[in-house]
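What follows is a short report on a single structure.
Along the sequence shown, residues are numbered consecutively beginning with 1.
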Amino acid sequence: MRLLASTIAALVLAVLAAPASAQVKSKASAAKPAGSARAGDETLRLNAEVIRTTGEYRDQLTHQAKLEAVEIERLEQEVKFRAQWLDKGYIARQEWEQKKLELAAAEAKLADIRRRIEEAEMVLGEAEARAALLTLPALPPGGYSESASLVRYNGGAPWSLADSGKIETFFASRFGRSLPVSARGETELHRRMKFDHSNAMDVALHPDSVEGRALMEYLRKAGIPFIAIRGKMAGSATGAHIHIGKPSVRMAGP
């Protein structure tokens with residue numbers, strides 16, 4: 001599992017290091033130079049490999065999560081039965097408490113597996129977005145566009161994470177719950193992907209949901225740039241989220 005995760009990280013770095021300005025050939029007379037075409041083909045190939053390998057990694061984690069859920073159910077029953085045995089004096093309290101500790105450890109393990117699944121799904125979403133961006137022109141200031149996989153807005157208002165409070169206030173007043181922020185600034189995932197995410201915020205909302213649409217409408221009115229990833233893979237919503245701020249760029253370094 002660790003080797004597979006390392007392979008994913010290497011592939012992601014290779015994709016991010018590839019040129020981001022490849023364009024689709026619209027006319028035979030406007031064909032790209034051979035070197036540029038080869039670079040674009042290599043980027044697409046690496047991107048497809050990231051999606052394939054990360055999908056396999058995510059599927060393995062999903063299988064682990066199912067097994068761990070079964071183990072938690074078994075431990076819950078044991079804790080219940082041992083509580084009854086403790087009441088009847090059949091076992092010492094230490095035996096019951098030990099089983100409770102085993103249950104807590106299993107629950108923590110499942111939570112960690114689910115966190116890694118979410119991380120893998122975000123890698124998938126970023127890889128899908130990368131593939132789509134290779135075929136899309138850059139947006140002018142104030143430009144807005146939607147495609148099958150992305151919604152983009154190149155807002156011109158000053159933006160920093162210090163301004164995130166007003167977005168959270170809007171969302172809480174509109175929907176009566178906290179904004180589901182999945183990443184505020186740089187995270188371990190973004191460091192591994194070599195993304196400069198220091199002045200961006202990711203929100204775990206599908207852009208086509210009622211809440212997602214309302215958030216994007218608010219951002220546009222405020223002039224705040226964003227890129228929303230629909231993240232559709234085989235009809236699912238894998239990796240879907242709204243990235244607030246300018247699109248992340250690859251940081252310098254190995």
Please test R184 against S164 for side chain to side chain contact (heavy atoms under 4.5 Å, CB included), starting from the C-alpha separation and ending with a verdict. CA-CA 9 Å; R184 190 187 304 271; S164 61; 3.3 Å; yes
In terms of hydrophobic clustering (I, L, V, M, F, W, Y; side-chain heavy atoms under 4.5 Å; direct or indirect links), are [X] and [Y] co-clustered?
| X | Y | value |
| --- | --- | --- |
| Y218 | L161 | yes |
| V181 | W159 | yes |
| F226 | V210 | yes |
| L61 | L110 | no |
| W96 | L101 | no |

Separation of [Y] [atom2] from [X] [atom1] (nearest 0.5 Å):
| X | Y | atom1 | atom2 | result |
| --- | --- | --- | --- | --- |
| E107 | L103 | CD | CG | 4.0 Å |
| Q64 | D112 | CD | CG | 9.5 Å |
| I117 | R114 | CD1 | CZ | 8.0 Å |
| L205 | L215 | CG | CG | 6.5 Å |
| H241 | I229 | NE2 | CD1 | 3.5 Å |

salt_bridge([X], [Y]) N-O dist < 4.0 Å:
| X | Y | answer |
| --- | --- | --- |
| E71 | K66 | no |
| R115 | E118 | no |
| R116 | E121 | no |
| E217 | K221 | yes |
| E78 | R74 | yes |

Are the side chain of [X] and the backbone N or O of [Y] linked by a donor-acceptor pair below 3.5 Å?
| X | Y | answer |
| --- | --- | --- |
| D163 | S160 | yes |
| D202 | S182 | no |
| N154 | L139 | yes |

Decide yes or no for [X] and [Y]: does some side-chain heavy atom of the first lie under 4.5 Å from some side-chain heavy atom of the second?
| X | Y | answer |
| --- | --- | --- |
| D208 | R213 | yes |
| K166 | I224 | yes |
| M216 | V151 | yes |
| P180 | V203 | yes |

Heavy atoms only: give me the nearest [X]-[Y] pair and the separation to one decimal.
| X | Y | result |
| --- | --- | --- |
| A240 | P207 | CB-CD, 4.4 Å |
| L75 | E102 | CD1-O, 3.6 Å |
| I91 | R82 | CD1-O, 3.3 Å |
| M201 | L179 | CE-CD2, 4.1 Å |
| I242 | A228 | CG1-CB, 3.9 Å |
| A148 | R230 | O-CD, 3.3 Å |

Side chain to side chain donor-acceptor pair (under 3.5 Å) with E211: which of R177, H206, R174?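 Of all the options given, the one that passes is R177.
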Side-chain H-bond candidate by donor/acceptor type, N199 with K246, under 3.5 Å: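 Side-chain D/A pair, N199 to K246: absent.
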Could you tell me whether E97 atom CD has more than 12 heavy atoms of other residues or ligands within 6.0 Å of it?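 Yes.
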Once you measure the plane-to-plane angle for F175 and F171, does it fall in the parallel (<30°), tilted (30-60°) or perpendicular (>60°) bin?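 Judged by the thresholds at 30° and 60°, the geometry between F175 and F171 is tilted.
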May I ask you to check if R220 and Y144 form a cation-pi contact, with NZ or CZ under 6.0 angstrom from the six-membered ring centre and within 45° of the axis?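 The answer is yes, since R220 meets both limits relative to Y144.
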Restricting to side-chain contact (heavy atoms from CB on, under 4.5 Å), what partner residues turn up for K109, sequence neighbours left out?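 Partners of K109 under the side-chain contact (heavy atoms from CB on, under 4.5 Å) test: E68, I113.
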